[in-house]
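Read through the structure below, which is laid out as structure tokens, and then see the notes.
Reckoned from all heavy atoms, side chains included, excluding hydrogens, waters and symmetry mates. So that the names make sense, note that chain A is the first sequence line, chain B the second, and so on, each numbered from 1.
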Protein chains: 2
Amino acid sequence: MSKPLRQRVILELLENSAVGSQEDLQRALGRRGLKVGQATLSRDIHELGLVKTGAGYVLPSEAASEPALPPVSRLVREFGLEVKAAQNLLVIKTTVGSAQPVAAALDGQDWEEAIGTIAGDDTILMVCSDNRGAKRLAARIQEMLA
Amino acid sequence: MSKPLRQRVILELLENSAVGSQEDLQRALGRRGLKVGQATLSRDIHELGLVKTGAGYVLPSEAASEPALPPVSRLVREFGLEVKAAQNLLVIKTTVGSAQPVAAALDGQDWEEAIGTIAGDDTILMVCSDNRGAKRLAARIQEMLA
DNA sequence: AATGACTATTCATCGTACTGAATAATTATT
DNA sequence: AATAATTATTCAGTACGATGAATAGTCATT
């Protein structure tokens with residue numbers, strides 16, 4: 001079973017009906033042919049940033065609204081080619097056409113050094129708070145390439 | 001070590017110098033800090049479509065010139081959300097921003113049913129030879145989502 | 001406070017992709 | 001034809017991410 005698919009179905013279910021517990025959710029997913037354990041749902045709920053209210057689980061406005069991407073380490077390993085710091089900028093090269101998902105994953109990290117991320121076709125530009133931060137991030141990403 | 005990175009370095013080495021054997025290649029990569037076994041190089045050479053000539057390994061014009069993408073089954077599993085056939089077209093939905101790498105991998109398959117592939121941001125359109133071919137491909141891709 | 005319902009986490013396992021040592025197969029050289 | 005060099009493949013092992021049964025922890029109800 002594909003995790004992004006499952007998470008998208010979870011989000012759809014929340015839009016269309018009240019889901020008061022993980023067990024409800026498990027049942028609802030089962031009715032759509034998705035058999036999944038409670039532990040997995042707990043993790044999905046955490047990843048999606050869902051919150052439990054009196055009316056059941058809801059998606060707060062600042063939360064994901066999109067299925068989780070694969071781990072950034074995997075995406076960098078799969079698509080990343082090189083990373084260079086240039087003052088407070090990080091330039092990351094990816095395989096052709098792959099910059100976008102990698103950039104999204106990088107953007108989703110809680111790295112305090114990173115201010116923003118722009119993706120082209122095979123190049124990602126990360127703006128860092130300062131030169132030192134860029135160097136630190138470069139090293140971090142370089143490790144994922146190792 | 002990241003496989004795309006290694007394959008890109010291999011391609012660069014071939015552009016810049018003669019590489020007469022896999023052992024030469026292994027040594028050249030070693031000089032760039034990439035330690036890799038002969039078996040892996042044999043596979044890389046196969047994946048990249050390199051050909052051995054009297055002058056050493058070359059990249060034929062119809063071959064890759066780009067590092068290999070991850071297996072299509074992985075990309076569909078990681079990013080794919082749904083697949084639907086509409087006559088001789090296949091519409092594949094992906095997570096936001098992920099259509100391009102998935103489409104590239106789909107395009108790289110030797111599927112006789114597929115004529116061409118276009119990727120947007122989160123949607124891929126595959127043109128198939130006929131309605132039946134589209135249905136067959138849809139089923140194949142749906143299996144990767146399972 | 002006790003109990004039940006619910007959620008989070010641990011731990012063992014699985015699937016997948018990949019690697020390299022060893023070996024088999026192929027090619028080149030003598 | 002014999003031998004050496006080279007390449008391809010097998011097989012065992014590794015890394016990684018994910019899963020669910022079991023359990024721990026938390027919250028709600030009585």
Side-chain angles (χ1 to χ4, degrees), chain A residues 1-7 9-10 14 18-30 34-58 67-80 95 101 105 108 143-146, chain B residues 1-7 9-10 14 18-30 34-58 67-80 95 101 105 108 143-146:
Chain A
M1 182 199 312
S2 145
K3 181 174 159 188
L5 173 58
R6 186 181 69 242
Q7 294 195 342
V9 174
I10 289 170
L14 291 203
V19 174
S21 68
Q22 293 181 3
E23 195 174 328
D24 287 347
L25 185 54
Q26 188 175 38
R27 264 194 300 263
L29 287 165
L34 303 194
K35 292 185 191 302
V36 56
Q38 175 270 320
T40 302
L41 292 182
S42 178
R43 292 181 189 117
D44 282 341
I45 284 163
H46 175 74
E47 269 187 45
L48 291 169
L50 303 184
V51 177
K52 182 149 184 191
T53 68
Y57 284 101
V58 299
L69 284 165
V72 65
S73 59
R74 178 193 275 184
L75 290 176
V76 170
R77 196 187 326 127
E78 283 178 343
F79 300 114
T95 53
E143 263 186 45
M144 297 179 195
L145 283 178
Chain B
M1 181 195 319
S2 143
K3 181 173 158 186
L5 173 57
R6 185 180 69 242
Q7 293 195 344
V9 174
I10 289 170
L14 291 202
V19 174
S21 68
Q22 294 181 1
E23 194 174 330
D24 286 348
L25 184 54
Q26 188 177 37
R27 265 196 299 266
L29 288 166
L34 304 193
K35 292 182 190 303
V36 58
Q38 176 271 322
T40 301
L41 291 182
S42 178
R43 293 180 188 117
D44 281 341
I45 284 162
H46 176 75
E47 270 187 45
L48 291 168
L50 303 183
V51 177
K52 182 147 182 190
T53 68
Y57 284 101
V58 299
L69 283 165
V72 64
S73 60
R74 179 194 273 184
L75 290 177
V76 171
R77 196 191 323 129
E78 282 180 343
F79 301 113
T95 54
E143 262 186 48
M144 296 179 196
L145 282 177

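- Judged as a salt bridge (Lys or Arg N to Asp or Glu O under 4.0 Å), the pairs with a partner in residues 68-80 of chain B (not counting sequence neighbours) are, in order, R74(A)-E78(B), E78(A)-R74(B).
- In this entry the distance linking CG of L50(A) with P of dC6(C) reads 17 Å, nearest Å.
- L14(B) pairs by the side chain to side chain contact (heavy atoms under 4.5 Å, CB included) definition with V19(B), L50(B), Y57(B), not counting sequence neighbours.
- Evaluation of the side chain to side chain donor-acceptor pair (under 3.5 Å) rule for E143(B) yields no partner, not counting sequence neighbours.
- A 4.5 Å side-chain heavy-atom check between I45(B) and S42(B) finds every atom pair outside the cut-off.
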Once each nucleotide of nucleotides 12-20 of chain C is scored for protein heavy atoms under 4.0 Å, what B/S/- sequence comes out, 5' to 3'? ----SSSBB
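- When the side chain to side chain contact (heavy atoms under 4.5 Å, CB included) test is applied to A39(B), the partners found at least two apart in sequence or on another chain are R43(B).
- Between the CG atom of L25(A) and the C1' atom of dA8(C) there is a distance of 15 Å, rounded to whole Å.
- When heavy atoms are screened at a 4.0 angstrom cut-off, S21(A) is found touching the sugar-phosphate backbone but no base atom.
- Running 5' to 3' along DNA chain D, contacts with non-hydrogen atoms of chain A at under 4.0 Å begin and end at dC16(D) to dA22(D).
- One finds a side-chain N or O of S42(A) lying less than 4.0 angstrom from the OP1 or OP2 phosphate oxygen of dA8(C).
- Listed by chain and number, the residues in a side chain to side chain donor-acceptor pair (under 3.5 Å) with Q38(B) are Q22(B) (sequence neighbours excluded).
- Residues meeting the side chain to side chain donor-acceptor pair (under 3.5 Å) test with R6(B), sequence neighbours left out: D44(B).
- Counting to the nearest Å, the C1' atom of dA5(C) and the CD atom of Q22(A) are 11 Å from each other.
- Put simply, the side chain of L41(A) reaches to within 4.5 Å of the side chain of I10(A), judged on heavy atoms.
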